[in-house]
Amino acid sequence: MEPQPTAALETVFRLESPRVIAGVARLVRDVGIAEELTQDALVAALEQWPRDGVPDNPGAWLMVTARRRAVDLIRRRETYARKLAEIGRDLPASTPAPEEPADPEDIDDDLLRLVFTACHPVLSAEARIALTLRLLGGLTVPEIARACLVPEPTVAQRIVRAKRTLARKNIDFEVPYGPDRAARLGSVLEVIYLIFNEGYAATAGDDWLRPALCEDALRLARVLSALMPKEPEVHGLTALLEFQSSRAAARTGPDGEPVLLQDQNRHRWDRLLIARGITALDHAHAGSGAPGPYVLQAAIAACHATAYSYEETDWARIATLYGLLAARAPSPVVELNRAVAVSMAEGPAPALALVDALAAEPALRDYHLLPSVRGDLLLRLDRTAEARAEFERAASLTRNASERALLLRRAQEAAG
């Protein structure tokens with residue numbers, strides 16, 4: 001038995017709550033009610049574990065306790081009598097010590113259903129992120145609020161409204177198939193990627209990195225790749241996040257200031273994460289068909305991760321991959337990144353022409369990286385006054401304090 005049940009419960013609940021919620025949601029068909037019943041199981045554990053000790057399989061204890069509460073709820077609802085006959089006949093009426101949960105494959109199926117439900121396109125992107133972090137990441141409302149830099153009441157409202165929307169629209173608790181699955185999978189991957197990106201390069205606030213968000217997103221991607229081993233794009237996203245995460249320790253200096261890719265100490269890159277990324281990318285390439293956007297982005301990240309130095313990076317291949325990505329998923333941001341690769345492969349002049357062609361793009365009008373990239377190209381062409389103006393404009397557009405300081409410093413350096 002664990003001598004510190006409260007501490008053990010906090011850890012177990014963070015790890016097991018997604019599976020418990022998923023298992024209960026399959027019974028009650030409502031993620032909001034499933035979360036409430038899971039919380040009831042947590043309260044029961046808080047009452048019993050300090051007295052009786054932590055069970056040998058605490059996750060199974062929580063699962064069975066929550067499922068029994070679900071059955072009790074269904075019993076109290078006469079309209080669910082037929083459903084009770086289906087799911088309650090093999091559960092004992094008494095409450096002996098909790099047994100092992102159902103077949104692990106059933107649990108994995110339930111978790112996959114929960115992923116697709118929490119990331120349903122009927123919800124806004126903000127709601128999907130909040131609900132995913134709550135149900136699948138196990139984060140509390142205050143933790144999500146800190147991660148997303150919004151007030152706690154805003155996060156709480158997003159989660160409540162998301163649950164109500166799913167219930168009101170009678171969203172099925174299921175994994176879709178065929179064209180619906182492809183469409184929904186895109187939403188799932190997008191949410192995980194948005195969570196990671198907000199941790200990798202925060203859009204606002206004082207800190208450039210929020211490692212906890214990156215870790216949550218990477219964990220979700222790994223879970224999804226285990227649940228959907230035949231989906232190349234799932235492995236592609238996992239590989240991409242593994243590669244990006246490998247550079248985390250080198251991306252900030254002693255005082256938390258950003259360190260650009262060309263200045264990073266590559267000895268600080270995590271070789272284990274790079275190896276995991278290569279393995280995931282191999283799994284992605286094992287699938288049939290043309291590579292999707294996440295596989296292509298992972299291939300680009302692999303070029304960076306496997307290069308011995310910034311100068312030795314295979315920039316020509318990266319530019320080619322960005323060209324393929326632009327054809328598969330057209331985006332001005334992708335074109336901007338391609339311009340950076342072209343600048344390294346062919347020089348700043350042809351790259352500047354590509355960047356200038358993007359100046360009229362409405363989507364990039366307030367995007368701080370457009371003047372930042374342009375400033376870097378102008379600086380390399382010795383057009384220092386213009387470069388300084390671009391860095392200053394970029395600094396005025398970013399909402400992240402650390403990045404603003406970096407851009408202003410580059411503006412000063414351009415001034416000489």
- Item | Side chain to side chain, Arg374 and Arg393, heavy atoms closer than 4.5 Å | no

- Query: Listed by chain and number, what are the side chain to side chain donor-acceptor pair (under 3.5 Å) partners of Arg247, not counting sequence neighbours?
  - Reply: Tyr200, Gln244

- Do Arg219 and Asp216 pass the salt bridge (Lys or Arg N to Asp or Glu O under 4.0 Å) test, and can you show the C-alpha distance, the side-chain angles, and the key distance before you say yes or no? CA-CA 5 Å; Arg219 178 165 56 85; Asp216 284 324; 3.3 Å; yes

Show me the side-chain donor-acceptor pairs of residues 298-314 shorter than 3.5 Å, one per line, residues at least two apart or across chains.
residue	atom	partner	partner atom	Å
Thr306	OG1	Ala302	O	2.7
Ser309	OG	Glu312	N	3.2
Ser309	OG	Glu312	OE2	3.0
Thr313	OG1	Ser309	O	3.1
Thr313	OG1	Tyr310	O	2.9
Asp314	OD1	Arg317	N	3.1

- Pro258 versus Thr252: any side-chain heavy-atom pair under 4.5 Å? no

- Message: When you measure from the side chain of Arg404 to the backbone of Thr398, do you find a donor-acceptor pair of N or O atoms at a distance under 3.5 Å?
- Response: yes

- Enumerate the residue pairs fulfilling ring-ring contact (aromatic ring centres under 6.0 Å, His included) with a member in residues 240-287, sequence neighbours excluded, ordered by first and then second residue. His235-His283

- Query: Considering residues at least two apart in sequence or located in another chain, which fulfil the side chain to side chain contact (heavy atoms under 4.5 Å, CB included) criterion with Arg268?
  - Reply: Ala249, Ala250, Asn265

- Query: If you take all heavy atoms of Leu358 and Pro332, which pair is closest and at what distance?
  - Reply: CD1-O, 3.9 Å

Distance-only check: which donor-acceptor pairs under 3.5 Å involve side-chain atoms of residues 226-234, not counting sequence neighbours?
residue	atom	partner	partner atom	Å
Glu233	OE1	Tyr294	N	3.2
Glu233	OE1	Val295	N	3.0
Glu233	OE2	Tyr294	N	3.1

- Message: Can you list everything that forms a side chain to side chain donor-acceptor pair (under 3.5 Å) with Tyr193? Sequence neighbours excluded, please.
- Response: Gln297

- Ser372 side chain to Leu369 main-chain N or O, any donor-acceptor pair under 3.5 Å? no

- Okay, side chain of Glu392, backbone of Leu408: is any donor-acceptor separation there less than 3.5 Å? no

- Item | Partner residues of Arg222 under the salt bridge (Lys or Arg N to Asp or Glu O under 4.0 Å) criterion, sequence neighbours left out | Glu242

- Could you pull out all residues at least two apart from Arg383 that satisfy side chain to side chain donor-acceptor pair (under 3.5 Å)? Glu386

- Query: Who pairs with Ser343 by side chain to side chain donor-acceptor pair (under 3.5 Å), at least two apart in sequence or on another chain?
  - Reply: Arg380

Using residues 168-191 as the side-chain source, report each donor-acceptor pair under 3.5 Å to any protein atom, sequence neighbours left out, with the distance given to one decimal.
residue	atom	partner	partner atom	Å
Arg184	NH2	Phe116	O	3.3
Ser187	OG	Cys119	O	2.5
Ser187	OG	Arg128	NH1	2.8
Glu190	OE1	Arg128	NH1	3.4

- Note on the structure: Across all chains, not counting sequence neighbours, the side chain to side chain contact (heavy atoms under 4.5 Å, CB included) partners of Pro18 are Leu111, Leu136

- Message: Any side-chain to backbone donor/acceptor pair from Thr65 onto Trp61? Under 3.5 Å, distance only.
- Response: yes

- Inter- and intrachain pairs under side chain to side chain donor-acceptor pair (under 3.5 Å), touching residues 320-336, at least two apart: Glu335-Arg338

